[in-house]
Asks: 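Can you keep this structure in mind? I'll have questions shortly.
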2 protein chains.
Amino acid sequence: MKDTRSQLISSMKELLWERGYDATSPNQVLERSGAGKGSFYHHFSGKQELAIAAMDERANELIAEFELIFHSDQHWLDKLENYLLQPRDGLKGCRIGRIAQDPSMDELLLRVPLKRYFSQLQQAIEQLLNQAKDKGELPESICAHTLSCTVISTVQGGFVMSRALYDPDCINMACQGLIDLLRTLSTLKT
Amino acid sequence: MKDTRSQLISSMKELLWERGYDATSPNQVLERSGAGKGSFYHHFSGKQELAIAAMDERANELIAEFELIFHSDQHWLDKLENYLLQPRDGLKGCRIGRIAQDPSMDELLLRVPLKRYFSQLQQAIEQLLNQAKDKGELPESICAHTLSCTVISTVQGGFVMSRALYDPDCINMACQGLIDLLRTLSTLKT
DNA sequence: GTCTATACCGAGATAGAC
DNA sequence: GTCTATCTCGGTATAGAC
């Protein structure tokens, strides 16, 4: 059991994942959380403030997840594979990237937690790739920053493609394809 | 100058690109096209039918674009680079993939043109990659179907990442990173 | 803190005149 | 074919009692 405020945030997190920001209404949040209108507008100034709180929690949660993977002491390629081949439901969408396409994301405040998550993720991946280059296991001609964009995009785009083709497996294949390229490259170098 | 019906479709295409399906209202379409409500509901049964007509046109248009690239007589890697490095506005989103995340895309009818586009694109890329394998320029261990998912996802995810970080350049880097991997791989094989 | 009542607006569509 | 008037519903929020 948690307090009303937490319930609201929790329900908003679910709905942001399922429906995004624009398509989620306060009423849906209330229904799911069991709270009343009064509580909602007592704890938050409105939909936007609640959404930001929810996205902040979600970002922290996801950052903790990838840090667990990237801070392990496996080989860099195993870490990356570990990250890329995590089980994902292609039809549901990324728990945070999901909302990036919503028109309301033009608003600066809403973008803050989103930006924070992706910045940190990119930094982590770029660092990993630079270590690989230092060890001579990735060609010097490959730019770690550029490739980190590719890695992140593959995951995010996998969700989009899965939904477009209505095939939950697309995202897993997309990630597998990238891993295959990296493994092959590392094999040929050896 | 075109007739009212075409104007409506044309405006809907723009709005679907800019705002997606759920966030686009009939009123916005009317305002942009200069048509009135009467015309709208005379030519179409409603928002959904208009959107499908618009997406159908858009799909045809985009299919023609990639066919122009893939049916040229360049080397497969040049074709792929040509496709991946096309100029794209990362902040606007894919002209058709943009709407894949909208909640309303759960409706079967709306997904038809979306699915048609992505299916054909994937088929074209897969074919290209298989030719590369036939020529021995891509390792047999690489699965063309799997890798085609990666290619498409990189583009789609590039748009998402660009919007998340609010950096129009992310998508271009993501695509460049994938090309770099493929070029490197092809170099080492030689 | 939480509830119910109320208000305002725009989405999406229909009706019937021209 | 196109126009204006009208309708219903839900999104988003405020007011004031408890």
Side-chain angles (χ1 to χ4, degrees), chain A residues 1-55 57 98-99 101-111, chain B residues 1-57 98-99 101-111 113:
Chain A
M1 281 293 96
K2 311 179 81 182
D3 57 26
T4 306
R5 191 191 147 87
S6 307
Q7 298 273 17
L8 285 166
I9 293 181
S10 197
S11 298
M12 186 49 139
K13 281 170 67 182
E14 291 177 18
L15 285 161
L16 285 179
W17 185 13
E18 294 168 23
R19 311 183 41 80
Y21 178 81
D22 285 304
T24 294
S25 75
N27 281 333
Q28 292 171 314
V29 178
L30 299 184
E31 191 180 356
R32 184 166 304 205
S33 65
K37 254 186 174 99
S39 304
F40 182 110
Y41 288 100
H42 169 74
H43 290 291
F44 302 95
S45 66
K47 174 179 166 178
Q48 175 172 307
E49 199 176 287
L50 171 58
I52 291 172
M55 289 169 63
E57 269 200 12
R98 169 75 159 83
I99 63 175
Q101 303 274 8
D102 279 31
S104 298
M105 283 302 126
D106 287 337
E107 283 159 55
L108 184 63
L109 279 175
L110 282 170
R111 277 206 310 273
Chain B
M1 278 299 94
K2 312 180 80 182
D3 57 27
T4 305
R5 190 190 147 89
S6 307
Q7 297 273 17
L8 285 166
I9 293 181
S10 198
S11 298
M12 187 50 140
K13 278 170 68 182
E14 290 177 19
L15 284 161
L16 285 179
W17 186 13
E18 294 169 24
R19 312 183 40 79
Y21 178 80
D22 286 304
T24 294
S25 75
N27 282 333
Q28 291 171 315
V29 179
L30 299 183
E31 190 180 358
R32 184 166 304 205
S33 65
K37 262 196 165 79
S39 305
F40 183 110
Y41 288 100
H42 170 72
H43 290 291
F44 301 95
S45 66
K47 175 179 166 179
Q48 173 172 308
E49 197 175 289
L50 171 58
I52 290 172
M55 289 169 62
D56 251 321
E57 270 201 14
R98 169 75 159 85
I99 63 175
Q101 303 275 7
D102 279 30
S104 298
M105 283 303 126
D106 287 338
E107 282 159 54
L108 184 63
L109 279 176
L110 283 170
R111 277 206 311 273

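Each chain gets a letter, A, B and so on, in the order the sequences are listed, and its residues count up from 1.
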Asks: Answer yes or no: does a side-chain N or O of B:H42 lie under 4.0 Å from OP1 or OP2 of D:dC3?
Replies: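 Answer no for this pair, as no side-chain N or O of B:H42 is under 4.0 Å from OP1 or OP2.
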Asks: Between C:dA11 atom P and B:L15 atom CG, what is the distance in whole Å?
Replies: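 After rounding, the reported distance stands at 12 Å.
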Asks: Answer whether the closest heavy-atom distance between the side chains of B:R98 and B:L16 falls below 4.5 Å.
Replies: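 With C-beta onward as the side chain, the pair stays apart.
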Asks: In whole angstrom, give the distance that lies between atom CD of A:E49 and atom C1' of D:dA13.
Replies: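 Roughly 14 Å, once rounded to whole Å.
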Asks: Of A:R32, A:R19, A:Q28, which meets side chain to side chain donor-acceptor pair (under 3.5 Å) against A:E14?
Replies: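 Among the candidates, only A:R32 passes.
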Asks: Between A:D102 and A:G20 (side chain of the first, backbone of the second, donor and acceptor by atom type, cut-off under 3.5 Å), is there such a pair?
Replies: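 No: the side chain of A:D102 does not pair with the backbone of A:G20.
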Asks: What's the CG-P distance between A:L8 and D:dA13, to the nearest Å?
Replies: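 Rounded to whole Å, this separation is 14 Å.
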Asks: Take atom NE2 of A:H43 and atom C1' of C:dC3, then tell me their distance rounded to the nearest Å.
Replies: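 Rounded to whole Å, this separation is 13 Å.
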Asks: Check each residue of residues 21-37 of chain B for a non-hydrogen atom within less than 4.0 Å of any atom in DNA chain C, then write out the ones that pass by number, or none.
Replies: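 Correct list: B:T24, B:S25, B:P26, B:N27, B:K37.
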Asks: Over how many whole Å does the gap from A:L50 atom CG to D:dT12 atom P extend?
Replies: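 It is 12 Å, rounded to the nearest whole Å.
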Asks: Could you state the CZ-C1' distance from B:F40 to C:dT14, rounded to the nearest angstrom?
Replies: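 The distance from CZ of B:F40 to C1' of C:dT14 comes to 13 Å, rounded to the nearest Å.
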Asks: Closest-nucleotide mapping onto DNA chain C: is B:G38 or B:K47 further toward the 5' terminus? I mean the 5' end.
Replies: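 Of the two residues, B:K47 wins.
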Asks: With side chains defined as the heavy atoms from C-beta onward, is the minimum distance between B:V29 and B:L50 less than 4.5 Å?
Replies: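 They are in contact (side-chain heavy atoms under 4.5 Å apart), so the answer is yes.
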Asks: Not counting sequence neighbours, list each pair that qualifies as a salt bridge (charged side-chain N to carboxylate O under 4.0 Å, His left out) and has a residue in residues 41-54 of chain B.
Replies: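 Checked against salt bridge (charged side-chain N to carboxylate O under 4.0 Å, His left out) - neighbours excluded - no pair reaches residues 41-54 of chain B.
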Asks: Is any side-chain heavy atom of B:L8 less than 4.5 Å from a side-chain heavy atom of B:L30?
Replies: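 Yes, their side chains come closer than 4.5 Å.
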Asks: Look at the side-chain N and O atoms of A:T4 and state whether any lies under 4.0 Å from the OP1 or OP2 oxygen of C:dG1.
Replies: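 False: A:T4 side-chain N/O out of range (4.0 Å or more) of C:dG1 OP1/OP2.
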Asks: Is the phosphate of D:dA13, meaning OP1 or OP2, less than 4.0 Å from a side-chain N or O of A:Y41?
Replies: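 Yes.
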